[in-house]
Structures are given as structure tokens and as C-alpha cells.
Enquirer: 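There's a structure below that I have some questions on.
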Amino acid sequence: MGLTNSSIGIRAAASELEIKKQAVEDKVVALAGNPNVGKSTVFNGLTGMNQHTGNWPGKTVTNAQGYCATKQQSYVMVDIPGTYSLMAHSAEEEVARNFICFGQPDAVVVVCDATCLERNLNLVLQTLEISSRVVVCVNLMDEAKRKNIKIDLSAIAKRLGVPVVSTVAREKKSLDGLMNTLDNVVSGAVMPTPAQVVYPDAVERAIAKIEPLVRKKTDSLASRWLSLKLLDPDPSLTLEINKFLGEDFLRSPELADALAAAKTELLADGIGPDALKDLIVSTLVSAAEKICRGTVVCEKAQYDAFDRRVDHILTSKATGYPIMLLLLALIFWLTITGANYPSQMLSGALFALQDRLTLLFHAWGAPEWLHGMLVLGVYRVLAWVISVMLPPMAIFFPLFTLLEDAGYLPRVAYNLDRPFKRCCACGKQSLTMCMVSIILH
Ligand SMILES: Nc1nc2c(ncn2[C@@H]2O[C@H](COP(=O)(O)OP(=O)(O)OP(=O)(O)O)[C@@H](O)[C@H]2O)c(=O)[nH]1
Ligand SMILES: [Mg+2]
């Protein structure tokens, strides 16, 4: 675990990453993907670093960089926070979106969860709208195998128009294929031709109206994607676009007029701002569905029936909350009350040793100030800290890890998302709060 001030501090998500290449020919690669799909595990496997990993979403909240090299090429890998889409809803999703959209990486690896590939393709399709140098890394293949899910990777690659590789990120050897493919993409030996999502006619007409003007204004951002974003404005994204381009490019009267005309036409077709958002999302969802049709096969149609039943019990209103409260209360009780016994034993033993040390110092004829400083100062404080802090941590963290391995923590995050949202936070922060409350206790 690598919880540092830079990764959890108040400015963590907002901080921008300065890419530090070791050599000018280094290629910058973004590791993007949905939360909890193994991006940091891939990153650690490739770079030998120790980014925070764990079985719940939202561990990585800021970008991190590391280095790796193949025989052909050296890379700066950038581990970015998980995001379900490029329409960012939280600070860390903004960090991810900003790096993919404006970080100008030489390639983007979109790490996907093989057990729910269709849902993950939503982000893949959005990334393809921005960059053509994309490699799709279908991770957690061992889990897919366990669930009897068969994936025809080459058929998916054909439909997406970009290379698709499979990995089991916990096994470093399986990352070789990813790096070979990455070599081919960044060297130009493989030229991806990304599939383009086709939106309903009215939206396509609106894009066509403004895209030529957008293209005239900038060639560093994908004009089709940018046109779509102008039709469906997101204030934080508009701000980033202006920052990137160094101008408020909507001030161009020609573009502003064309945009107003396109929006009026959309409205005439009955497509207001909310309907446009829905249309974009539903088009992406059905495109992902089409790609997975026939290429992702679950041999057991009800392969996840048991998981779903357990999920329902753990996350439904009637049973989810009582179970969660009981479990968390039990863990806190075990940690707080249970720790009293080892705490007492430890403090008894450590303070008995303090008396011995005092006798020893007196027998040596050590001056009182030395005894006061070393025994009554340094040793006593250490003894207090160890006997108070060690037992609760030794109980809490293994129990928390047990819940994590069982996959229960994402359910806690899900259950608490709604109440946390009311306080302008999100459910996954509850997990950090649990850890912090034990540390503070
Ligand atoms: N079985 C299996 N587990 C994996 C694999 N790759 C990663 N994991 C596990 O999946 C969990 C999530 O991995 P992370 O690397 O933390 O995921 P992430 O995408 O960085 O997550 P966020 O930063 O929260 O978005 C961890 O418990 C990993 O050990 C894999 O190929 N197979
Ligand atoms: Mg991560």
C-alpha cells in the first residue's frame, strides 16, 4: 500500500503530472481503464514500482509515472485513476480524462476487465474518438476463465480496429505480449484504424456542421470528438480545452454561429441538452453491445447467477445496510475492544522492561538526565505508541484485507455512495474513512 500525502492529500486529485522523460526518445503511454481492472497492477508489473493496489475501486486518485523498456523502445508509463467514461463525474475522473485528452501520450493502453468486457468497451470507444494509438488490454483473463467466459480477441480487434491483447497482470510474464504490441503501435509497424461510433442522424448532422470549423481552429485535438463535446458542453472540459488551446476558441464568431445553428437544429429535432447526453451514452452502450455480440460468450448462461444473488443480498436496501452495519460494527468492536487485551499485555511487558532499564541505569551510575532522556523519554514514548497502536492495527488490517479479498469492500462503497454523495463525497471514500478512523482511534 502506498498511501502518501501526494496520493491522498487535499490537492492530490487536482495536481498535474509533469512527465519526466529519461531520454528524449522515451514514449509516453497512459494506462487508462475503468476502476479496479488492474491498471496499477499492470503498471507495477512493468515498471517495478509499488503503486497502491487493492480490490476496491478508486485507489489511484492521481497520475503516477514509472519507466520500463523493451529491446526496441523505452517508455514512461503513466498510471491514471480509473474512470468509467470521459464524461468525468469526480475529481479523479477529471484527472484521468485530462491526461487522456490533453496529456498527448504517444499511446493509450485501455485496461479492461475480461469478466465484464462490454461495460469496459464504453471507455474504449470514447478513447478511440480521441486517439488512434490505442491498445486494448483485456486483463483478469484468469477470472474470465474461471467463469467460463470465452473471448474472441482477434474478432474484437477487427471490430474495434485496434490491437487487443490478453493479460493476467498478476503474472508478469503475461505482460510481454502487451509490450510487443505497444512496440509495434508506437513504432508505426502497426497502424490502428479505430472504429468510429456513428451517432443518430440528427447528431451526425450537427457534428458535420461544426467539424470543418473546429478542424480549422486546431489540429492537435480530434476534431470530431471536440465537435461532439461542444454540442454537449461540460464546463470543466471546456475550461481544459481553452487551457490546452491557449484561447477561448468559442469566441470565434464563425464557430459560435455554427454551433448555435447546430444546437437550434438539434432542438428542432426534439434533442435538448439532456436528450443529447442520453443519446450519446445509449449509442456508446449499443455499440459496445454490438462488438461483444458473438465475440464474448459465457458458456454457462447463468455463470454469474450465484454472484448476482450474493450481490443482491449485500447491496439491497433491506439486507445490504443491516449486513454492512453489523459487519463493520463487528470489525470495529473486535479492533477496539479486542485490542485492549494485547494492549494491556504489551504495555505490562514493556513497562516492566522500563523498570529493569531504570535499575540497570542506576546500577551503572548513569547521570539522571541520561536516564530521564533515554528511559523516561524515548523508551517510554515508544512503549506507549507500540502498546496502543500496534494491537488495533494488527487486528484491523488483516480483517479489512479479508473483506477486500472476498470482494466486499466495493459493495460497501456502493451502499454508501448515495449518503456520501449528499455530503459532496462519494462511496469509495468510506473505505479510506474506515482506515483513518482506526488510525485516529
Ligand atoms: N485474479 C486477478 N486479479 C488481478 C489481476 N490484475 C489485477 N488483479 C487484482 O485486481 C485488484 C485491482 O487491481 P488494481 O491494480 O489496484 O486496479 P486499478 O485498476 O489500478 O484500480 P483503481 O486504481 O482503483 O482504478 C487487485 O486486488 C489486484 O491484485 C489479474 O489479472 N487477475
Ligand atoms: Mg490503480
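Residues: numbered from 1 along the sequence shown. All ligand and atom numbering here is 1-based and tracks the order in the structure.
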Enquirer: Heavy-atom distances under 4.0 Å are what count here, so tell me which part of Asn36 touches ligand 1: side chain, backbone, both or neither.
Expert: both
Enquirer: Got a sec: is Asn36 within less than 2.8 Å of the Mg ion (ligand 2) via an N/O/S atom?
Expert: no
Enquirer: Minimum distance, heavy atoms only, to atom 32 (N) of ligand 1: which one of Asp405, Thr167, Asp142 is it?
Expert: Asp142
Enquirer: Hey, are Asn44 and Gln51 close enough side-chain-wise for a donor-acceptor pair under 3.5 Å?
Expert: no
Enquirer: Would you call Glu204 and Arg224 a salt bridge, taking side-chain N to carboxylate O under 4.0 Å as the test?
Expert: yes
Enquirer: Hey, which atoms in ligand 1 end up nearer than 4.0 Å to a heavy atom of Gly82?
Expert: 25 (O)
Enquirer: I'd like to check whether Lys39 has a polar contact with ligand 1, where a contact means an N/O of the residue lying under 3.5 Å from an N/O of the ligand.
Expert: yes
Enquirer: Report yes if Pro35 has an N/O atom closer than 3.5 Å to an N/O atom of ligand 1; otherwise report no.
Expert: no
Enquirer: Quick one: which ligand 1 atoms are inside 4.0 Å of a heavy atom on Glu143?
Expert: 1 (N)
Enquirer: So with a 6.0 Å cut-off around NZ of Lys290, is the heavy-atom count from everything else above 12?
Expert: no
Enquirer: Does only the side chain of Thr41 get under 4.0 Å from ligand 1, or the backbone, or both, or neither? Count heavy atoms.
Expert: both
Enquirer: In ligand 1, which numbered atoms sit nearer than 4.0 Å to a non-hydrogen atom of Ser40?
Expert: 15 (O), 18 (P), 20 (O)
Enquirer: Between Lys277 and Asp232, is there a side-chain N and carboxylate O pair less than 4.0 Å apart?
Expert: yes
Enquirer: Decide whether an N or O pair under 3.5 Å exists between Val37 and ligand 1.
Expert: yes
Enquirer: My understanding is that we take every heavy atom of each candidate and find the minimum distance to atom 17 (O) of ligand 1. Doing that for Gly38, Gly407, Ala32, Pro410, which one comes out nearest?
Expert: Gly38
Enquirer: Just heavy atoms, cut-off under 4.0 Å: does Met141 contact ligand 1 by side chain, backbone, both, or neither?
Expert: neither
Enquirer: Working to the nearest 0.5 Å, report the span between CZ of Arg97 and OG1 of Thr83.
Expert: 9.0 Å
Enquirer: Apply side chain to side chain donor-acceptor pair (under 3.5 Å) to residues Thr70 and Asp183 and explain how you reach the verdict.
Expert: CA-CA 8 Å; Thr70 61; Asp183 279 349; 2.9 Å; yes
Enquirer: Does anything in residues 166-207 form a ring-ring contact (aromatic ring centres under 6.0 Å, His included)? List the pairs, not counting sequence neighbours.
Expert: none
Enquirer: Which atom pairs, one a donor and one an acceptor, fall under 3.5 Å between side chains of residues 22-29 and the rest of the protein, sequence neighbours left out?
Expert:
residue, atom, partner, partner atom, Å
Asp26, OD1, Ser74, OG, 2.5
Asp26, OD2, Gln22, N, 2.9
Asp26, OD2, Ala23, N, 3.3

Enquirer: Go through the steps to decide whether Asp176 and Ser174 satisfy the test side chain to side chain donor-acceptor pair (under 3.5 Å), and finish with yes or no.
Expert: CA-CA 6 Å; Asp176 292 350; Ser174 82; over 6 Å; no
Enquirer: If we only count N/O pairs under 3.5 Å, is Glu404 in contact with ligand 1?
Expert: no
Enquirer: Is there at least one pair of N or O atoms, one from Asp79 and one from ligand 1, spaced under 3.5 Å apart?
Expert: no
